[in-house]
Amino acid sequence: MTAASTTAKTKARPGRPSRKGGAPPAHGARRKREFTTRRGLLIAAFMAPAAVFVAVFTYYPVIAGSQMAFRNWKLTDLTDTSWVGLKNFRDVFTDPTWGTVLANTGVWVVGSIVPQLVIGFALALWLRRRFRFRGVYQALVFFPWAISGFLIGILFRWLFNSEFGVVNDLLQKAGLIDEPIAWLADPHKAMIAVLIANTWYGVTFFAIMILAALQSIPDELYEAAALDGAGKARTLFQITIPYIRTTLALTVLLRIIWIFNFPDLIFGMTGGGPNNETHIVTTWMIKITQQGDYGRASALGLLVVAGLLLFATFFLLATREKREVRP
């Protein structure tokens, strides 16, 4: 077979791109599909079940619950669901429990965020180091995040039990107390107990997020700081914290939103007692719902949504700033 006949067969082979008018398309290149009405209807058909599910189980309850906030909606008298305007909101603000609940919510959020951030940061710094069985320690630290908050509340309710709780037993054996403390029955100590439980539960989240941010810091920065004679404190405040400050801000804001709307642990541990001393806004809303006053509970729910939207605004602003700093 001659070279001329081989060249002719090659040119006649179907599907082979021609070299006339330019180089052939790159390997693996695909022609962009045009958007057609049929393709759009197909995409809409696939999205329809999810859209219907979200509309029925999310948006409809939100709308129905919102209109309840402006009606006299009580289970004790369903014959009268008349429009009452802002009466339910006034009832919330004039309730004697409102001041206590609002103060408890502030203590709950601040008293949980600060120790969670400090301890979580310390754990993340420790877990960033390379040592034997580091993976096992990471699994143990991250384990609480996989447990339900309500179950954590029940667990700590037994731990802080005044008669046979482990906490009192350890304190007595250590000689710190002479007799058992009624942690969950004392109005002044019940909030301390739930804050300890929430700190243990939430430290994991900060440890996970901060550890992920710490692993993105180049080792060259620490090597350069060591050559300059920088100590651990100076390295922490001039390299580590400035490098991950955006992640820290976003993590704190996100955690504030969750803690503000986190009744599970308190409800499983104290139920808001004693004497409403551990009630926060969301647990109080659940209590009002159980009493059958859906109108007042819906009004309180709208106030919770307004507070969460306020925090979400700060969250979005911080996210936008992050994108501007790191395009």
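Note that the structure is a prediction, hence the values are computed from the model and not measured. Quick note: numbers below take in every heavy atom, side chains included, and nothing from hydrogens, waters or symmetry partners.
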*Asks:* What distance do I119 atom CD1 and W200 atom CH2 have between them, rounded to the nearest 0.5 Å?
*Replies:* 12.5 Å
*Asks:* Would you please test Q67 and W73 for side-chain contact (heavy atoms from CB on, under 4.5 Å) and show each step?
*Replies:* CA-CA 10 Å; Q67 63 89 20; W73 203 287; 4.1 Å; yes
*Asks:* Looking only at side-chain N and O atoms, does K287 offer a donor or acceptor that is under 3.5 Å from a partner on N276?
*Replies:* yes
*Asks:* If you take all heavy atoms of M269 and A193, which pair is closest and at what distance?
*Replies:* CE-O, 3.5 Å
*Asks:* Hey, what do you get for CD1 (I256) to CD1 (I113), rounding to the nearest 0.5 Å?
*Replies:* 5.0 Å
*Asks:* Check whether any side-chain heavy atom of L303 lies under 4.5 Å from a side-chain heavy atom of V281, and answer yes or no.
*Replies:* no
*Asks:* Quick check: is I177 connected to L159 through a chain of hydrophobic side chains (ILVMFWY, heavy atoms under 4.5 Å apart)?
*Replies:* yes
*Asks:* Any sub-3.5 Å donor-acceptor pair from T199's side-chain atoms to P115's backbone N or O?
*Replies:* no
*Asks:* Using a 4.5 Å cut-off on heavy atoms from C-beta on, say whether the side chain of I286 contacts that of Q290.
*Replies:* yes
*Asks:* Where do M285 and R296 land on the side-chain contact (heavy atoms from CB on, under 4.5 Å) test, with the steps shown first?
*Replies:* CA-CA 8 Å; M285 181 178 63; R296 194 154 59 104; over 6 Å; no
*Asks:* Roughly how far, to the nearest 0.5 Å, is CG of L184 from CH2 of W158?
*Replies:* 11.5 Å
*Asks:* As an exercise, state the distance from CZ of F206 to CZ of F121, rounded to the nearest 0.5 Å.
*Replies:* 11.5 Å
*Asks:* Between T58 (side chain only) and A55 (backbone N and O only), is there a donor and an acceptor less than 3.5 Å apart?
*Replies:* no
*Asks:* Show the nearest heavy-atom pair for residues H279 and T283, with the distance to one decimal.
*Replies:* ND1-OG1, 2.9 Å
*Asks:* Is there a path of hydrophobic side-chain contacts, each under 4.5 Å between heavy atoms, that joins F237 and V118?
*Replies:* no
*Asks:* For K232, which residues count as a salt bridge (charged side-chain N to carboxylate O under 4.0 Å, His left out) partner, sequence neighbours excluded?
*Replies:* none
*Asks:* Answer yes if L170 and L176 sit in the same cluster of Ile, Leu, Val, Met, Phe, Trp and Tyr residues linked by side chain heavy atoms under 4.5 Å apart, and no otherwise.
*Replies:* yes
*Asks:* Once rounded to the nearest 0.5 Å, what's the spacing between atom CD1 of I154 and atom CG of L265?
*Replies:* 10.0 Å
*Asks:* With a 6.0 Å cut-off on the ring centroids, do W258 and F205 count as close?
*Replies:* yes
*Asks:* Show the nearest heavy-atom pair for residues T247 and A213, with the distance to one decimal.
*Replies:* CG2-CB, 3.8 Å
*Asks:* For W183 together with F160, are the ring centres under 6.0 Å from each other?
*Replies:* yes
*Asks:* Ignoring hydrogens and geometry, is there a side-chain-to-backbone donor-acceptor pair from N72 to G295 under 3.5 Å?
*Replies:* no
*Asks:* Are V62 and S66 side-chain neighbours, meaning at least one heavy-atom pair lies under 4.5 Å?
*Replies:* yes
*Asks:* Can you give me the closest heavy-atom contact between L125 and L214, atom names plus distance?
*Replies:* CD2-CD1, 3.7 Å
*Asks:* Among side-chain atoms of N198 and S112, is any donor-acceptor pair under 3.5 angstrom?
*Replies:* yes
*Asks:* Any side-chain heavy atom of D186 within less than 4.5 Å of one from I181?
*Replies:* no
*Asks:* Is it true that R128 and Q215 share a donor-acceptor pair across their side chains at a distance under 3.5 Å?
*Replies:* no
*Asks:* Could you walk me through whether D169 and F164 pass side-chain contact (heavy atoms from CB on, under 4.5 Å), step by step?
*Replies:* CA-CA 7 Å; D169 183 61; F164 44 81; over 6 Å; no
*Asks:* Report, as yes or no, whether the 6.0 Å neighbourhood of atom OH on Y222 holds more than 12 heavy atoms from other residues, nucleotides or ligands.
*Replies:* yes
*Asks:* Could you tell me whether the side chain of T278 and the main chain of G272 form a donor-acceptor pair under 3.5 Å?
*Replies:* yes
*Asks:* Of all the heavy-atom pairs spanning A299 and N88, show the shortest one and how long it is.
*Replies:* CB-CB, 3.8 Å
*Asks:* Can any side-chain N or O of D293 pair as donor or acceptor with the backbone N or O of K74 at less than 3.5 Å?
*Replies:* no
*Asks:* Could you tell me if the side chain of Y243 sits less than 4.5 Å from the side chain of P218, heavy atoms only?
*Replies:* yes
*Asks:* Quick one, W284 and D95 - any side-chain contact, counting heavy atoms below 4.5 Å?
*Replies:* yes
*Asks:* Taking the six-membered ring for Trp and the single ring otherwise, decide whether the centroids of Y201 and F262 are under 6.0 Å apart.
*Replies:* yes
*Asks:* Return the minimal non-hydrogen interatomic distance between P180 and Q172, and the atom names on each side.
*Replies:* CD-NE2, 3.4 Å
*Asks:* Do the side chains of I266 and F150 join up, straight or via other hydrophobic residues, at under 4.5 Å, putting them in one cluster?
*Replies:* no
*Asks:* Does any non-hydrogen side-chain atom of L117 lie less than 4.5 Å from one of I210?
*Replies:* yes
*Asks:* With the side chain counted from C-beta on, respond yes when I259 and Q116 share a heavy-atom pair under 4.5 Å apart, and no when they do not.
*Replies:* yes
*Asks:* From L151 CG over to R157 CZ, what is the distance, rounded to the nearest 0.5 angstrom?
*Replies:* 11.0 Å
*Asks:* In this structure, would V56 and F53 fall into the same cluster of hydrophobic residues linked by side-chain contacts under 4.5 Å?
*Replies:* yes
*Asks:* With a 6.0 Å cut-off on the ring centroids, do F93 and F89 count as close?
*Replies:* no
